[in-house]
Amino acid sequence: MKKESKSRRSKFYITTAIDYANASPHMGHAYEKICADAIARWHRFKGEDVFFLTGTDENAQKNVQAAGEAGVEVEKFVDDNSRKFINLCGALNLSHDDFIRTTESRHKEVSQAIFAKLYEKGDIYKGFYEGHYCEGCEAFITEKELIKGECPEHNLKPKLIKEESYFFKLAKYQKDILKLLEEGLVEPETRKNEIVNRVRDGLKDLSVSRKNLDWGIAVPFDSDHKIYVWIDALINYISALGWPDGEKFKKYWPTDLHLIGKGINWFHSVIWPAILMSAGIELPKKIFVHGYLTIEGRKISKSLGNAVDPTPFIEEYGVDPIRYFLMRDVSFGQDGDFSREAFIQRYNGDLANDLGNLLNRTLTMIEKYFKGLIPPGGEELGADEDLLNFARGLHKKLDTSMAGLDINRSLETIWELINKANKYIEDSKPWELFKGDKRRLEVVIYNLAEVLRLVLLSIRSFIPKTAENMLKQLDPSSAIEQAGFDDLAAWGKLKAGTKISKGSPLFPRIQKEQ
């Protein structure tokens with residue numbers, strides 16, 4: 001059968017939120033990017049044509065404020081911080097296809113074109129605004145949203161601002177947005193319900209410009225005004241693709257998945273669809289809202305001084321342990337916590353004891369009993385049934401959990417197989433079979449080696465460097481890039497007689513005194 005051309009493959013467009021360039025990245029930024037990367041890698045593994053976008057939001061007034069506090073010119077300030085986010089992407093081993101900066105000309109041009117398009121349609125008009133403005137949210141908030149007079153998101157008292165502004169007719173799209181939400185645009189259900197209830201309370205037209213600002217993208221027909229940062233920021237998802245005529249836009253839009261944090265749910269689930277409806281652009285397919293990452297039980301905050309930089313952890317322990325911990329310890333869609341103690345427990349338990357030990361023991365036995373050559377498989381017995389049935393069904397379990405964006409459950413499933421394999425060693429007692437039943441020993445060791453092949457294929461979306469390391473030891477002549485989902489679904493692909501190349505332990509144990 002003729003292989004389907006790349007252009008005809010199913011496409012998958014995934015985005016993270018773009019991060020404010022007002023400070024260095026922290027572990028919370030790393031969490032969202034890691035999760036998005038795992039999803040992107042999984043879809044590539046399944047043979048889909050993936051486009052993965054991330055970037056930085058550089059036109060916000062909070063960037064101007066932070067630059068002023070640092071005594072640095074705004075442009076240099078955002079350049080320096082954006083570079084830190086770009087470097088983080090490399091350190092996290094992300095497979096992103098583009099990094100958008102909202103100060104780029106390609107973005108400015110599209111932002112102004114969309115703003116003009118909405119104006120020409122009659123959905124933007126000039127008016128006068130008075131209200132509470134939270135600098136942390138970069139948004140006007142209502143009296144109803146305040147808690148003890150403060151923004152609940154940032155625990156800050158908003159400023160009362162009264163000024164000329166352009167407005168977007170958000171209220172016009174209330175029924176359409178409500179219908180879209182009820183049809184399942186937003187997940188999980190709790191986040192969807194929060195937005196549905198707010199929309200049912202009624203939408204008001206949205207202030208979409210600020211006057212007399214020196215930083216930001218100018219309103220195309222009124223240089224006294226700058227485009228409201230959230231309108232500009234949301235447009236990054238299409239400016240990066242070259243809307244309206246770019247080949248990438250034609251190929252990858254609409255977004256299959258916007259991955260965002262719960263603090264910006266409103267902007268993505270209400271304002272963004274309304275903009276697209278007004279502009280006549282197809283709507284996103286899904287918005288998934290993840291929770292917040294706390295540090296030892298406390299929300300990440302500059303004022304608390306607990307914004308943990310992921311880079312030192314990566315330099316000390318490697319990137320995959322950080323990736324694994326964040327995805328395994330946090331149920332996707334819920335809040336989660338990062339602590340050094342919990343990280344070390346996961347590292348020593350799951351990575352060193354379970355996975356690392358399974359690889360090391362299996363390869364050691366192949367060296368000892370078969371001169372480093374993978375033995376042939378053979379007749380399966382009842383003692384093999386539990387392990388092999390689970391292994392042969394692994395691809396279906398993972399396909400189901402990843403289709404539901406249940407990253408945490410996917411890793412649990414892989415580790416269930418790893419733990420079954422470790423138990424299989426204890427139950428089968430290869431060291432005793434070596435003394436009296438060489439043929440049965442061949443079958444047991446082959447089964448373990450084949451399970452390792454399935455494990456390394458299944459973890460490559462989550463901890464890819466570990467998968468590469470395992471492959472170099474188990475099957476040095478193979479290329480992981482050539483393996484796909486069909487290889488995960490097949491049992492018996494590992495060839496007998498393959499020469500292994502046992503290396504150093506995957507994850508040396510961390511001593512408590514470290």
Sub-3.5 Å donor-acceptor pair from the side chain of [X] to the main-chain atoms of [Y], do we have one?
{"X": "R198", "Y": "V270", "answer": "no"}
{"X": "D337", "Y": "E296", "answer": "yes"}
{"X": "N22", "Y": "A66", "answer": "no"}
{"X": "E48", "Y": "R9", "answer": "no"}
{"X": "N197", "Y": "N193", "answer": "yes"}
{"X": "R44", "Y": "S95", "answer": "yes"}
{"X": "S401", "Y": "L398", "answer": "yes"}

Gap separating the [atom1] atom of [X] from the [atom2] atom of [Y], nearest 0.5 angstrom:
{"X": "K465", "Y": "N469", "atom1": "NZ", "atom2": "CG", "value": "10.5 Å"}
{"X": "T362", "Y": "L452", "atom1": "OG1", "atom2": "CG", "value": "4.5 Å"}
{"X": "I287", "Y": "W272", "atom1": "CD1", "atom2": "CH2", "value": "10.0 Å"}
{"X": "N63", "Y": "T102", "atom1": "CG", "atom2": "OG1", "value": "8.0 Å"}
{"X": "I445", "Y": "M365", "atom1": "CD1", "atom2": "CE", "value": "4.0 Å"}
{"X": "R328", "Y": "I407", "atom1": "CZ", "atom2": "CD1", "value": "13.0 Å"}

* Can you check side-chain hydrogen bond (donor to acceptor under 3.5 Å, both in side chains) on N422 and E426, steps first, answer last? -> CA-CA 7 Å; N422 279 318; E426 299 304 319; over 6 Å; no

* Step by step, work out the side-chain contact (heavy atoms from CB on, under 4.5 Å) result for D80 and R83. => CA-CA 5 Å; D80 291 345; R83 194 172 299 111; 3.3 Å; yes

* To do: Mind running side-chain contact (heavy atoms from CB on, under 4.5 Å) on C35 and L259 for me, showing each step along the way?
  => CA-CA 9 Å; C35 291; L259 184 59; 4.2 Å; yes

Specify the closest pair of heavy atoms between [X] and [Y], including all atoms of both residues, with the distance to one decimal.
{"X": "P376", "Y": "A496", "value": "CA-CB, 3.6 Å"}
{"X": "V444", "Y": "S428", "value": "CG1-CB, 3.9 Å"}
{"X": "P273", "Y": "L185", "value": "CG-CD2, 4.0 Å"}
{"X": "Y424", "Y": "A383", "value": "CE1-O, 3.7 Å"}
{"X": "P25", "Y": "P310", "value": "O-CD, 4.1 Å"}
{"X": "A38", "Y": "R323", "value": "N-NH2, 4.3 Å"}

So [Y] and [X], do their side chains get closer than 4.5 Å, heavy atoms only?
{"X": "H43", "Y": "I14", "result": "no"}
{"X": "F51", "Y": "K11", "result": "no"}
{"X": "T56", "Y": "I18", "result": "no"}
{"X": "I34", "Y": "M327", "result": "yes"}
{"X": "K495", "Y": "I374", "result": "no"}
{"X": "L257", "Y": "L405", "result": "yes"}
{"X": "P188", "Y": "F288", "result": "yes"}
{"X": "N81", "Y": "E58", "result": "no"}

* Knowing that exactly one of F462, W415, Y347 qualifies, which makes a ring-ring contact (aromatic ring centres under 6.0 Å, His included) with Y324? ->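 When ring-ring contact (aromatic ring centres under 6.0 Å, His included) is applied between Y324 and each of F462, W415, Y347, only W415 qualifies.
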
* To do: Report yes or no: is the cationic atom of K397 (NZ for Lys, CZ for Arg) closer than 6.0 Å to the six-membered ring centre of F390, at no more than 45° off its axis?
  =>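 Yes, a cation-pi geometry.
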
* What do the steps show when you test E442 against R439 for salt bridge (Lys or Arg N to Asp or Glu O under 4.0 Å), and what is the final call? -> CA-CA 5 Å; E442 288 177 343; R439 185 68 193 101; 2.5 Å; yes

Between [Y] and [X], is there a salt bridge with N-O shorter than 4.0 Å?
{"X": "K262", "Y": "D335", "answer": "yes"}
{"X": "R453", "Y": "D475", "answer": "no"}
{"X": "K248", "Y": "D97", "answer": "no"}
{"X": "K396", "Y": "D399", "answer": "no"}
{"X": "E189", "Y": "K192", "answer": "yes"}
{"X": "E432", "Y": "K435", "answer": "no"}
{"X": "R409", "Y": "E412", "answer": "yes"}

* To do: Check the pair H96 / C89 against side-chain contact (heavy atoms from CB on, under 4.5 Å), numbers first and verdict last.
  => CA-CA 8 Å; H96 59 296; C89 291; 3.5 Å; yes

* Asked: With ring centroids as reference points, do F434 and W431 lie under 6.0 angstrom apart?
  ->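 Aromatic pair excluded; centres sit 6.0 Å or further apart.
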
* Asked: Under 6.0 Å between the ring centres of F325 and F338?
  ->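 Yes: the rings meet the under 6.0 Å criterion.
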
Report the relative orientation of the aromatic rings in [X] and [Y]; use parallel for angles under 30°, tilted for 30 to 60°, perpendicular for over 60°.
{"X": "F343", "Y": "Y317", "answer": "tilted"}
{"X": "H258", "Y": "W253", "answer": "tilted"}
{"X": "F332", "Y": "Y31", "answer": "perpendicular"}

* Apply the test side-chain contact (heavy atoms from CB on, under 4.5 Å) to residues H268 and L234: give CA-CA distance (whole Å), side-chain angles for both, the deciding distance (0.1 Å), then the verdict. => CA-CA 7 Å; H268 284 79; L234 291 163; 3.7 Å; yes

* Could you walk me through whether T364 and K502 pass the side-chain hydrogen bond (donor to acceptor under 3.5 Å, both in side chains) check? -> CA-CA 8 Å; T364 296; K502 183 186 172 189; 2.7 Å; yes

* Crowded around E385 CD? As in, over 12 foreign heavy atoms under 6.0 Å? ->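 No - once you tally the heavy atoms of other residues, nucleotides and ligands closer than 6.0 Å, there are 12 at most.
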
* Asked: Pick one: which of L488, T413, L411, L417 meets side-chain contact (heavy atoms from CB on, under 4.5 Å) with S458?
  ->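 That would be L488; it is the only one of L488, T413, L411, L417 passing the side-chain contact (heavy atoms from CB on, under 4.5 Å) with S458.
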
* To do: Quickly, which of D386, D384, D427 forms a salt bridge (Lys or Arg N to Asp or Glu O under 4.0 Å) with K420? Name it, please.
  =>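 Filter result, single survivor: D386.
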
